[in-house]
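Please read the structure below before turning to the comments.
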Amino acid sequence: METKYKDILKKASLLLVDDEESLRNKFKSVLSMYVDNIYEASNGQDALDIFNKKKPQIIISDVKMPIMDGLMLTTMIRNINNNVPIVIVSGYSDRDMLLEFISLNLVEYMVKPIDFQQLNEILYKCAKAIEKNGLIEYRLNENTVYSFSKKSLIKEDEVITLTPKEVNLLELLIENKNKLVSKEQIEDIVYDMEEMSVSALNNLTSKLRKKIGANNTILTISSFGFMLADQ
């Protein structure tokens, strides 16, 4: 694997989902050779909660799990984010199950056992997808970059910290760049179903604009919501 893609993987965070703890631990030990920051979940519901809070750049999930299986997890994540690389791992090859996953934009559907060479190739594909979709760093304007790993803005070599709500709003806008993000979406994801007043949202957006430092980066779309203008 090229050094550039090894560096991308090192900077990325990965969510590993498997209900069998012993297998998850073994898989994690191998993945840690590529990725420093690995989150773990034993079911799809916990995985979805981690995804919403931590925003990992790669997801590797088993299919058969309690509470929420891999198919439902993938469907739920794709409703939020269509770009994050997702790899599904299964103990068997099921044509019907594979067909259900086809429309969900997977990087790969892998059947256990997984050999080292196969894993290397899959992670290489993930790194390329991360690079293509700007999931490590996203340039907001000529002077300002958002770092997904640091959850901060980098502006002319200065690191600018963001509040958790500012991080969630900015990442939601980046995930939907050049698309309208409705106030309802912001209330669901940024405010986590808390009651959101118009003044609170306007104040949040205003502070984020000032930190980014470009008036035309985040556009207000009448009374409907906001849009991140791709620079």
Side-chain angles (χ1 to χ4, degrees), residues 8 11-15 37 39 45 47-59 73-86 105 129-231:
I8 287 173
K11 292 178 181 178
S13 58
L14 184 150
L15 173 57
N37 191 7
Y39 304 109
Q45 183 59 63
L48 186 61
D49 291 343
I50 291 171
F51 177 79
N52 285 327
K53 291 175 183 176
K54 300 297 185 180
K55 303 293 193 300
Q57 282 86 41
I58 302 171
I59 297 162
L73 171 63
T74 304
T75 303
M76 297 289 285
I77 289 174
R78 283 293 178 244
N79 288 335
I80 302 167
N81 185 315
N82 197 47
N83 294 323
V84 63
I86 300 178
N105 189 28
I130 288 171
E131 179 186 42
K132 178 183 176 183
N133 294 311
L135 298 181
I136 291 295
E137 292 184 341
Y138 182 85
R139 180 160 294 281
L140 292 158
N141 56 51
E142 185 177 348
N143 299 316
T144 310
V145 169
Y146 176 68
S147 168
F148 282 90
S149 57
K150 293 183 175 69
K151 303 297 182 187
S152 302
L153 296 172
I154 302 171
K155 188 176 181 181
E156 298 175 346
D157 296 326
E158 177 189 0
V159 176
I160 301 171
T161 58
L162 300 176
T163 67
K165 281 187 172 62
E166 287 171 344
V167 167
N168 288 338
L169 176 57
L170 182 53
E171 291 192 356
L172 178 63
L173 291 168
I174 291 172
E175 289 162 9
N176 295 276
K177 60 187 176 186
N178 297 318
K179 297 178 183 177
L180 170 68
V181 175
S182 70
K183 291 181 179 179
E184 290 76 18
Q185 286 176 282
I186 294 170
E187 188 169 30
D188 288 349
I189 296 173
V190 177
Y191 284 82
D192 194 21
M193 305 301 289
E194 296 174 20
E195 186 175 351
M196 178 190 73
S197 68
V198 173
S199 61
L201 177 57
N202 289 340
N203 186 48
L204 175 65
T205 309
S206 176
K207 288 181 177 178
L208 184 56
R209 282 185 174 125
K210 286 179 181 177
K211 289 183 179 182
I212 293 171
N215 293 330
N216 64 342
T217 302
I218 300 176
L219 307 177
T220 301
I221 310 300
S222 184
S223 59
F224 297 105
F226 299 92
M227 179 187 295
L228 182 70
D230 197 6
Q231 299 296 304

Non-hydrogen atoms of E137 and F148 that approach each other most closely: N-CD1, 4.2 Å

Polar side-chain atom of N81 near backbone of I77 as donor-acceptor pair, under 3.5 Å: no

Exam field: side chain N203 to backbone S199, donor-acceptor pair closer than 3.5 Å: no

From L173 atom CG to K179 atom NZ, the distance as rounded to the nearest 0.5 Å: 13.0 Å

Reference residue L169; test side chain to side chain contact (heavy atoms under 4.5 Å, CB included); the match among I189, T205, T163: T205

L208 side, atom CG; K211 side, atom NZ - distance, nearest 0.5 Å: 8.0 Å

Closest heavy-atom pair and its distance - L135, V84: CD1-CA, 4.0 Å

From CZ (F226) to CG (L228), nearest 0.5 Å: 12.5 Å

Steps toward side chain to side chain contact (heavy atoms under 4.5 Å, CB included) verdict (L204, E166): CA-CA 7 Å; L204 175 65; E166 287 171 344; 3.6 Å; yes

Where K155 and T144 come nearest, the two heavy atoms and their spacing: CG-OG1, 3.6 Å

Distance, nearest 0.5 Å, that separates CG of L48 from OG1 of T74: 10.5 Å

Over 12 non-hydrogen atoms of neighbours within 6.0 angstrom of NZ in K55: yes

Min side-chain heavy-atom separation L162-L153 under 4.5 Å: yes

Donor on one side chain, acceptor on other, Q57 and S13, under 3.5 Å: yes

Atom pair CD (E175) and CG (N133), whose distance is rounded to the nearest 0.5 Å: 11.0 Å

Shortest non-hydrogen separation from L15 to P56 and the atoms involved: CB-CG, 3.8 Å

Residue pair K165 / V190: nearest heavy atoms and the distance that separates them: O-CG1, 3.6 Å

Shortest non-hydrogen contact from G213 toward N141: C-ND2, 4.4 Å

Side-chain touch Y138/K177, heavy atoms, less than 4.5 angstrom: yes

R139 side-chain N/O to E142 backbone N/O, donor-acceptor pair under 3.5 Å: yes

Steps toward side chain to side chain contact (heavy atoms under 4.5 Å, CB included) verdict (R78, I86): CA-CA 10 Å; R78 283 293 178 244; I86 300 178; 3.6 Å; yes

Contacts of S152 that satisfy side chain to side chain donor-acceptor pair (under 3.5 Å) - sequence neighbours left out: none

Enclosure of K207 NZ (heavy-atom neighbours >12, cutoff 6.0 Å): no

Side chain to side chain contact (heavy atoms under 4.5 Å, CB included) evaluation trace for Y146 with K151: CA-CA 7 Å; Y146 176 68; K151 303 297 182 187; 3.5 Å; yes

Distance in Å, I160 CD1 paired with S147 OG, rounded so as to fall on 0.5 Å steps: 12.5 Å

